[in-house]
Number of protein chains: 2
Amino acid sequence: MMGELGFEKFNFRKLGEKIGSNESSIYRYFENKHKLLLYLTSWYWGWMEYQLVFATHNILEPTEKLTKAIYMITREITEDSNFSHINEVLLNQIVINEYSKSYLTKEVDEEDKEGYFASYKRLARRLSEMIKQFNPNYKYPSSLASTILGGALHQHFLKDHFSSMTECGGEVTPTEYLTNLVFNVLNQNFNG
Amino acid sequence: MMGELGFEKFNFRKLGEKIGSNESSIYRYFENKHKLLLYLTSWYWGWMEYQLVFATHNILEPTEKLTKAIYMITREITEDSNFSHINEVLLNQIVINEYSKSYLTKEVDEEDKEGYFASYKRLARRLSEMIKQFNPNYKYPSSLASTILGGALHQHFLKDHFSSMTECGGEVTPTEYLTNLVFNVLNQNFNG
DNA sequence: GCTAATATAATAGTATTACTATCATTTTTT
DNA sequence: AAAAAATGATAGTAATACTATTATATTAGC
């Protein structure tokens, strides 16, 4: 429903109606819809981290490991894993369209202290570790990791709404673009 | 005021009070606060385009031209140009914190048709042209341009709120990080 | 199977937001 | 000075984002 209506038009009254429940009941589970967004996106990044770790833990070769990591993070989610009660395809769409609203607020620092962004930061750290492993001389592993994470969501958005601003769409995927980007950056920076 | 309160807490009643004017008068100029954000950010990207063109138009050498372009787009705005009635330092902060909210809506496509994102797209195109000029073989000039634009805002945000996710802050600037990134990508891709 | 604890539903209510409408007054233009 | 345009004051509406209260239903432990 949040995916259908978008975050701003979605609310707990409508959700209550849809699931045959009461608005006030939902408020007992989530303080407000912003907290629900934090919960959902946190869950998403946690799931993503699990996928990432699972897909890369037995790869030792740094190039292959990083390639796989970039793929896991930048691919479009097209099927639900059925591992959980949450539909990851829909959640991926929500994250693309709404994630930045979860931290672009005056309350970020406070909510960050309370741990609401821990899973996102942990995923970014894991990715930056793989970048370091591939090239220990590269000076901006954390920034590059955050660029991959943010850039992937952004490219997915652009291909759907501002196609003139990206080559992605059709044949070319955000994965291809970002994989090329990352390895070219890291190969040039081998000597510091 | 939008910078102080953040977009969601800002509204026309408060603005009216502050400037000694009437809520309904403001509605005669802007349909709603979303449209005001579109207006402000559009103005910002137009101003940015002007700065970019002015700073690069007499540079012929592609490396120098692109270097300058990246600097213009990724630098932190610290002083008001006094060219206009708008404070660019504050507007830069608003763009960092609110810009993505202007397009992450269900109405993007409609508003895009009406031209609300034209200046942003024009700026991106100019940047991508410079990228092409530097390296005509590179396959993703538009995506790279949008990554620079989005990535710069993101890195500025991260250094202020999620410092563990970026090397930027203190000595290192988003300009330095992104300049290194762009040239390393483009230098590797000289042969297609 | 009963009791106590807990969760949910129904209803009502509040403060605020995001507007719209109306009409009087002021300012600007010609 | 008259006409046109902009602004102000006031009121009102529908919706949002909740909170509070109390009754009812469900579940858990013994």
Side-chain angles (χ1 to χ4, degrees), chain A residues 1-43 84-86 90-91 94-95 97-114 116-117, chain B residues 1-43 84-86 90-91 94-95 97-114 116-117:
Chain A
M1 188 174 192
M2 193 186 285
E4 264 172 48
L5 300 181
F7 183 66
E8 13 288 309
K9 293 204 184 75
F10 165 88
N11 67 39
F12 285 177
R13 182 180 48 74
K14 290 173 187 170
L15 177 62
E17 275 166 31
K18 187 112 176 184
I19 63 175
S21 182
N22 201 276
E23 190 184 1
S24 58
S25 303
I26 301 167
Y27 273 105
R28 286 198 196 87
Y29 288 90
F30 302 99
E31 267 180 73
N32 50 51
K33 70 174 175 173
H34 175 72
K35 288 282 166 72
L36 173 58
L37 179 63
L38 288 175
Y39 173 81
L40 287 174
T41 55
S42 226
W43 190 96
S84 71
H85 55 292
I86 289 183
L90 297 178
L91 188 50
I94 291 175
V95 169
N97 291 294
E98 321 291 356
Y99 185 55
S100 64
K101 296 171 194 168
S102 78
Y103 58 82
L104 293 177
T105 69
K106 287 287 166 187
E107 296 81 31
V108 221
D109 298 333
E110 221 172 293
E111 291 179 346
D112 181 34
K113 267 184 205 157
E114 290 163 34
Y116 289 105
F117 302 102
Chain B
M1 187 174 192
M2 194 187 283
E4 263 172 50
L5 300 180
F7 184 68
E8 13 288 310
K9 294 205 184 76
F10 165 87
N11 67 39
F12 285 176
R13 182 179 50 73
K14 290 174 188 169
L15 177 63
E17 277 167 30
K18 187 115 176 184
I19 64 175
S21 181
N22 201 276
E23 190 184 2
S24 58
S25 303
I26 302 167
Y27 273 105
R28 285 196 196 90
Y29 289 90
F30 302 99
E31 267 181 72
N32 50 50
K33 69 174 176 174
H34 175 72
K35 288 282 166 73
L36 173 57
L37 179 62
L38 288 175
Y39 172 80
L40 287 173
T41 54
S42 226
W43 190 96
S84 72
H85 54 291
I86 288 184
L90 297 178
L91 187 51
I94 291 175
V95 170
N97 291 294
E98 321 291 355
Y99 185 54
S100 64
K101 295 171 194 168
S102 78
Y103 58 82
L104 293 177
T105 69
K106 287 287 166 187
E107 295 82 29
V108 220
D109 298 334
E110 222 173 294
E111 292 178 344
D112 182 33
K113 266 184 207 157
E114 290 163 32
Y116 290 105
F117 302 103

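In what follows, chains are A, B, ... by sequence order, proteins preceding strands, each numbered from 1.
Paired runs in DNA chain D that reach 3 or more consecutive Watson-Crick or G-U pairs, where each pair keeps both distances under 3.5 Å, cover C:1-30 with D:1-30.
When DNA chain C is scanned in the 5' to 3' direction for atoms under 4.0 Å from non-hydrogen atoms of chain B, the outermost contacting nucleotides are C:dT17 to C:dA21.
Distance CG/A:Leu38 to CG/A:Asn32: 8.5 Å, rounded to 0.5 Å. If you take NZ on A:Lys18 and CZ on A:Phe10, they are separated by 10.5 Å, rounding to the nearest 0.5 Å. For the atom pair B:Leu15 CG and B:Phe30 CZ, the distance stands at 9.0 Å (nearest 0.5 Å). If you take CD1 on B:Ile94 and CE on B:Met1, they are separated by 11.5 Å, rounding to the nearest 0.5 Å.
Of all the heavy atoms in A:Thr105 and A:Ser102, the pair that sits closest is CG2-O, 4.2 Å. The nearest pair of heavy atoms linking B:Leu104 to A:Asn97 is CB-O, 3.4 Å.
Each of A:Lys9 and A:Arg28 was assigned the nucleotide of DNA chain D with the nearest heavy atom; the assignment lying further toward the 5' end belongs to A:Lys9. Each of A:Asn22 and A:Asn11 was matched to the nucleotide of DNA chain D holding its nearest heavy atom; the match closer to the 5' end belongs to A:Asn11.
Counting heavy atoms from C-beta outward, A:Leu40 and A:Leu36 have side chains that approach closer than 4.5 Å.
Only at 4.0 angstrom or more do the heavy atoms of residues 105-114 of chain B sit from any atom of DNA chain C, so none qualifies. Within residues 13-21 of chain B, the residues approached by DNA chain D to less than 4.0 Å at the level of any non-hydrogen atom are B:Gly20, B:Ser21, in residue-number order. Heavy-atom distances under 4.0 Å link DNA chain D to A:Glu31, A:Asn32, A:Lys33 of residues 30-38 of chain A, given in residue order.
In this structure, of D:dT21, D:dA17, D:dT10, it is D:dA17 that holds the atom nearest to the side chain of A:Tyr27.
Among residues two or more places apart in sequence or in another chain, the side chain to side chain donor-acceptor pair (under 3.5 Å) test is passed with B:Lys101 by B:Glu8, B:Glu98.
Ring planes of B:Tyr103 and B:Phe117: perpendicular class, angle over 60° (limits at 30 and 60°).
If you measure from atom CD1 of B:Ile26 to atom C1' of D:dA6, you get 14 Å, rounded to the nearest angstrom. Going from atom CD of A:Glu8 over to atom C1' of D:dA15 covers 15 Å, rounded to whole Å.
Residue-environment remark: OH (A:Tyr39) stays at or below the threshold of 12 foreign heavy atoms within 6.0 Å.
Remark: side-chain polar atoms of A:Thr41 are paired, donor with acceptor, to backbone N or O of A:Leu37 under 3.5 angstrom. Judged by distance alone, with hydrogens and angles left aside, the side-chain atoms of A:Lys14 form a donor-acceptor pair with the main-chain N or O of A:Lys9 at under 3.5 Å.
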Exercise. So A:Phe12 and A:Ser24, side chain to side chain contact (heavy atoms under 4.5 Å, CB included) or not? Walk me through it.
Worked result: CA-CA 8 Å; A:Phe12 285 177; A:Ser24 58; over 6 Å; no
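No hydrogens or angles considered: a donor-acceptor pair under 3.5 Å links the side chains of B:Glu111 and B:His34.
Cation-pi geometry between B:Lys33 and B:Phe7 is met: the NZ or CZ atom falls under 6.0 Å from the ring centre, inside 45° of the normal.
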